Every structure is written in structure tokens, then in C-alpha cells.
Amino acid sequence: MCGITGWVSFDRDLRSASETLDAMTETMACRGPDDRGTWISGPAALGHRRLAIIDLPGGRQPMTLDTPQGTLALVYSGETYNFTELRRELTGRGHRFLTDSDTEVVLHGYQEWGEAVAERLNGMYAFAIWDGRTDTLVMIRDRMGIKPFYYYPTPDGVLFGSEPKAILANPLARARVRLDGLRELFAFVKTPGHAVWDGMHEVEPGTVLALNRAGLRRQVYWSLETRPHTDDRDTSVARVRTLLDDIVRRQLVADVPRCILLSGGLDSSAMTALAARQLAETGERVRSFSVDFLGHTENFVADELRPTPDTPFVHDVARASGTEHQDIVLDPHALADPDVRARMIRARDLPMGFGDLDSSLYLLFRAIRKHSTVALSGESADEVFGGYLQFFDEEARQAETFPWLVRADHISDDSDVLRTDVSEAVNLPDFLRESYATAVAGIERLSGEGDFEYRMRTICYLHLTRFVRILLDRKDRASMAVGLEVRVPFCDHRLVEYVYNTPWSLKSFDGREKSLLREATADLLPKSVYDRVKSPYPSTQDPKYAIALQEHAKDLLASPSHRVFDLVDADRVRRVTERDTPQITHASRRGLERTLDLAIWLDLYNPEITLT
């Protein structure tokens, strides 16, 4: 797991630009605290920061391979979980390896299969290869978009990086956000390929980009396809279990300490139990970590979204699976700390507005990093298996919009903090209608598929191609900001493809969420977890957190010339700061969080904002 960056300029010899390449590379020191490297040859310059996970001494990058026709140079971020099988196949084809790293396997795989190497990889990855044989830059991203990858076309080439900050460190890139970027910030919908920053793009998941002097060529090597599902319930449950066993076994491979993120929900509990059983074969115990807040369990108040606190269920799983467990307990002042908020915004390069959910995730990962370098997460199981409330909410099912936006009290777009003129210019309603129409246009319908099944397929598709990418990006940035690699087994493309094509009647055969996953791991789960109703990532209920937000917002209001008030309505913010704490609603709290995030982002990046 690493940070990659680079620059291709067909009209220049970039050996004179080593200082700029160094600056781009150093922006990602947190992603790769163990090592750094750069490589420049004529028009191509590559930079790398390394977090050593596999073959600690042998996986240094950029990695090169000399051929009679020219040099191949690779910068790679991620993990290839089937590298052992690929290495064996390549060895049989005459390739000779100098290291035990998966990086070298990917490099030789490209030499053997070219861009088609992407179709053979199982894993999470974003990598760039300079092919000196044809003077071509090849950029490849994993199927689900687990690892981030950005690029910025220039008049004679391209800049690229794992994160926007690497690109923005180059003087050729302009730190500007236009109206379409602001819409992305406030809509809670991730448009494929959109990077918010003007002129910058994402390498889309499942895509190969190839750049040479003739221009940029794009090829999609994987997409979510509709296929008939002929397996019955028992066969489907057994297939899910077989896939999970294989996926977890592959993703436990590491040469550094690893652990499980345990929330006490079905997803992470199943992952923990599978890992515990597999590691027990070699006499190992699983380390598990969970997040909690001071007094949260004792003072918990149930609501529609979160009916139960996590900790009792976490401890049930830890006992049942025999894990070496630790609760990471956070206090409200740490959650509201402006420095923590700034670190998360710096990690994401954007004020994405998750509030205390971002702060607690960052603090959790920072605490875990003291003990482990790799963590397995249950992220994306809700999108794959159908776990959210909106899958069962009739209004959300029928709405001609993104289902997760129907209940605005659960996930607010926070547009109410904007000044009226800004809100009118952003025009989120029209943007969301257009985005939704684009998102559903390519969904394939099976012959004979009924209206209800097709509607549920549509909802699943939207979650897997729009919603999950927001959460994957958040988890990657928060974890890599502290040098922690988080793996997401439920994003294995084999599992995603299989479950996506199971009909909704199978996904919810017992009338509950995630029926296939629950039944596939029933033998591993404590009864309390098996029976537990879905509860999302926890949010603090401590009124001290809201009070701290009010105080920070008052400090901001004391500087009325701050740029944030070019976007945010100061009077609305002031009214919230003057309320008694019990009167601060969830939406009001989110509005304060959004305002503070925007202010910090403007201070950190000083972007040019244009409402055009």
C-alpha cells in the first residue's frame, strides 16, 4: 500500500524537474512512511511513497524492468491477492523474479499480457507503467475503485497521483473549483470520473487509460453486468460462504501485523469469525478493534437509524471468536478538535461533510496504527447484500432519485448552510435529477425480469456504482493518512458479481436485510449478532460535542471577512450557535460541521471558487 504520482511531458526532458517531482511525491508521505523513490527518463517522471506490507526489503519502487525494446517502469499502490498464482504462471512462461513482492508480479504481468494484465488481477490497486518501448503511460485502477487514482491533462501530457494533493503540488495544476465541483461537494453523490477540482479527473474503476503522443485512450475492462442467476437458495448460500472463505484467506496474507475492524454488526462479525477460524489453524489469534465514545453505551438513546449501541455485541463476538480485543474510546473534545478535523480534510483534500464520523474514523485508525499495519474491514457489505434501510423503505424504493437521499434526516446534503445565491447557482435538485438519469441509463434488464425485481436491481446497482465509492474513498483516505492499510473483502469482484445477480427474493429470503450473508455465516455468529438489527457506523450522542461545535462556530463568526461566508449564510450559523444544546437537531449539527469543514479547507488550500 503506497502513494503514487508522476508526470509525463512529451515536449520536455523532465530530468530538469526533479525538485517538482520530489514535491509531488512528498505530499503523500503519510501514505508511504517506510520509503520513497523517484525515477525520471526523458519525458516520464514517476514518484513513490511506500508502506511496506509484503516483501519488506524487496518491494522498493519505482520498479523497473529492462527489455531489448526499452524499459518498463512501474509505480504501484495496493495489493494483488492472487499474486502467488500469477507468479507461478509467469515463471512457467519464462519470467524470472528478483523479489517476493506482488509489485514485481504486476510488472512482469504487464510485460507478458500488456494492458490485459488488469483482467487477471484480484485485488485493490492503482498503478501507472511507463512503457519505454512505445513511450506510453498506462494507468490502471481496480474494479470497485478501492484505491484512489487521479489525473490532470496538460497541453503536452499528464500529471497523476493517488490523491489530488500530489497533482496540486505541480505548478501546472490550478487549485480551482467551479460550479460543477461545488455540486459534487454538496450532493452526496459521486459522479464517476469527477474529481471536484477543475481540470482534474478520476481514473474510473475498472478502467485502463493509455497516453502517448497521439492522445489519451480509454478502455473499460470491467463493469457490473446483469446475468441470469440459476442457483437455488441453498446453493447460493453455499457459494457465498465458499467465496468468503477464499477471500478472507487471501486478504490475511501480510508480512506485518494485521487486525480486524469489529463493530458488532453482521458484516464485521462474520469477517472476524472467519479470520479467527483460519488463523487458529496456525495457532494465531485475531486482533480486533472497535470504536466507542465515553459514556455512549450507558447513556445510549435508540432512534430509527441506530436502535442499539455497538459495544455489547462487539464483546459477544470477541468472546466467541477468542480475539485479542481493544475498544478505542473517544471523548467529545477529541472529536470536535479543529486539528483533527483539519487532518481529515487534508487527508481527503476536500470538505466532504461527514462530521464526527470522519473525526472518529481518523482517531480510530490512528490508535490502531500503533499496533497493526493492516486491517480488514466489513465495508461495502451493505451495498453488496442489501443492508440499508432504503432497501426496505417503500418511499425510497419508488423514488426517482438516489435512494439514500430520500430520508434527508438520516443523510443530509447540508445545502441549507449555503447562502441563497450560492444555493440557487448550485441548483442541487436539477443536478440530482440529471445525475440519477445518467446513473440508471446503463442498467441492463434481464429478459422476463419483473418490475419489482428490476427496481431492486436498480437500487443495488446505484449503491454499488455511486454510494459505495464515497465510503471507500473515505476509508482509504482516513486510513492512509496514518499509514494503515485497510482491506475490504466484501469488495472482491467475484463476490460482488455473484450477489448482484441474485434476485432480491434471495437477498432477503427471510424478510430481513443481508439474508445471504447471515445464513452463509450463521454457524460462526453469536445469537445476539445473528438476531441484531442493522445499525450503521456510530455517531456520538454526547451534548458536549454539539457545545464544542457551537464554540468553534462562534470563533469563526468573530471573523466575518472569512472566505467561508462567501458560501455560507452567516446568519443561519449564528442562530444555531445561540440555541440551547437540546434544540440542536441532527441537521443543525451537520450544518455547523459543514461550515467548519469548509472554513478549514479554504484556509488549507486557498482554492479559487467560481460559480460558473
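For reference, positions follow the sequence shown, starting with 1. Everything numeric here is computed off the predicted structure, so don't read it as measured data. Atom set for the values below is all heavy atoms of this structure, side chains included, hydrogens, waters and symmetry mates excluded.
- Pairing each heavy atom of Met28 with each of Ser162, the nearest pair is SD-CB, 3.7 Å.
- Scanning both residues, Pro489 and Met271, for their nearest heavy atoms gives CG-SD, 3.5 Å.
- Looking at Arg31 and Asp476, a side-chain N of the basic residue comes within less than 4.0 Å of a carboxylate O on the acidic one, giving a salt bridge.
- Applying the ring-ring contact (aromatic ring centres under 6.0 Å, His included) test to pairs two or more places apart or on separate chains, those with a residue in residues 312-353 are His315-His325.
- Residues Leu305 and Pro536 have side chains in contact (heavy-atom distance under 4.5 Å, counting atoms from C-beta outward).
- Residues Asp316 and Arg532 are not paired through a salt bridge, judged by the lack of any N-O separation under 4.0 Å between the basic side chain and the carboxylate.
- Ser515 is linked by a side chain to side chain contact (heavy atoms under 4.5 Å, CB included) to Ser508, Phe509, Asp510, counting only residues two or more places apart in sequence or in another chain.
- Ala195 approaches Glu202 most closely through the heavy-atom pair CB-N, 4.1 Å.
- The aromatic rings of His463 and Trp404 sit perpendicular to each other, their planes meeting at more than 60°, with 30° as the lower class boundary.
- Between Glu513 and Lys534 there is no salt bridge, since none of the side-chain N atoms of the basic residue sits less than 4.0 Å from a carboxylate O of the acidic one.
- For Asp597 (side chain) and Ile345 (main-chain N/O), no donor-acceptor pair under 3.5 Å exists by modelled atom type.
- The shortest distance between side-chain heavy atoms of Ser360 and Thr540 does not fall below 4.5 Å.
- Under the 3.5 Å distance criterion, the side-chain polar atoms of Ser372 are left unmatched by any main-chain donor or acceptor of Arg369.
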List the steps and the verdict of ring-ring contact (aromatic ring centres under 6.0 Å, His included) for Phe467 and Tyr388.
CA-CA 11 Å; Phe467 190 75; Tyr388 293 116; 5.4 Å; yes
Applying salt bridge (Lys or Arg N to Asp or Glu O under 4.0 Å), run through Asp571 and Arg574 and close with a yes or a no.
CA-CA 5 Å; Asp571 289 336; Arg574 184 176 293 104; 3.0 Å; yes
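- Using the six-membered ring where Trp is involved, Tyr461 and Tyr500 have ring planes that are tilted, between 30° and 60° apart.
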Under the criterion side-chain contact (heavy atoms from CB on, under 4.5 Å), I'd like the reasoning laid out for Lys514 against Asp382: C-alpha separation, chi angles, the key distance, then a yes or no.
CA-CA 7 Å; Lys514 295 181 284 192; Asp382 286 308; 2.8 Å; yes
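- The closest side-chain heavy-atom distance from Ser423 to Phe186 is not below 4.5 Å.
- A distance-only check finds no donor-acceptor pair linking the side chain of Arg143 to the backbone of His493 [under 3.5 Å].
- Between the side chain of Arg306 and the backbone N or O of Tyr537 there is at least one donor-acceptor pair closer than 3.5 Å.
- Between the side chain of Arg176 and the backbone N or O of Glu608 there is no donor-acceptor pair closer than 3.5 Å.
- When each of Thr311, Asp310, Val314 is paired with Thr297, the side-chain contact (heavy atoms from CB on, under 4.5 Å) condition holds for Thr311 and for no other.
- Partners of Glu394 by salt bridge (Lys or Arg N to Asp or Glu O under 4.0 Å), not counting sequence neighbours, listed by chain and number: Arg397.
- Ion pairing between Arg469 and Asp473 fails under the 4.0 Å rule for side-chain N and carboxylate O.
- Ion pairing between a basic and an acidic side chain is recognised when a charged N comes within 4.0 Å of a carboxylate O; Asp349 and Lys165 show such pairing.
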Between Val533 and Thr308, does the side-chain contact (heavy atoms from CB on, under 4.5 Å) criterion hold? Intermediate values first, please.
CA-CA 8 Å; Val533 175; Thr308 53; over 6 Å; no
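- With ring centers used as reference points, Phe149 lies 6.0 Å or more from Tyr125.
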Assess whether side-chain contact (heavy atoms from CB on, under 4.5 Å) is satisfied between Phe490 and Ile247, documenting all intermediate values.
CA-CA 8 Å; Phe490 289 111; Ile247 292 164; over 6 Å; no
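- With hydrogens and angles ignored, the 3.5 Å screen pairs a side-chain donor or acceptor of Arg419 with a backbone N or O of Phe565.
- A 4.5 Å side-chain heavy-atom check between Leu462 and Pro403 finds at least one atom pair inside the cut-off.
- Remark: side-chain polar atoms of Arg285 are paired, donor with acceptor, to backbone N or O of Gly322 under 3.5 angstrom.
- In this structure, Glu163 does not pair ionically with Arg348, as no charged nitrogen and carboxylate oxygen lie closer than 4.0 Å.
- A donor-acceptor pair under 3.5 Å links the side-chain atoms of Arg183 to the main chain of Val426, judged by distance alone.
- Arg287 places no side-chain N or O within donor-acceptor distance of the main-chain N or O of Cys259, the cut-off being under 3.5 Å.
- In this structure, Arg474 satisfies the cation-pi test against Phe354, with its NZ or CZ atom closer than 6.0 Å to the six-membered ring centre and inside 45 degrees of the ring normal.
- Classification of Glu284 and Arg258 as a salt-bridged pair holds, one side-chain N sitting under 4.0 Å from a carboxylate O.
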Could you give me the CA-CA distance, side-chain angles and deciding distance for Thr191 and Phe431, then say whether side-chain contact (heavy atoms from CB on, under 4.5 Å) is met?
CA-CA 11 Å; Thr191 303; Phe431 172 71; 4.1 Å; yes
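- The shortest distance between side-chain heavy atoms of His371 and Gln326 falls below 4.5 Å.
- For the pair Asp267 (side chain) and Ala381 (backbone), a donor-acceptor distance under 3.5 Å is absent.
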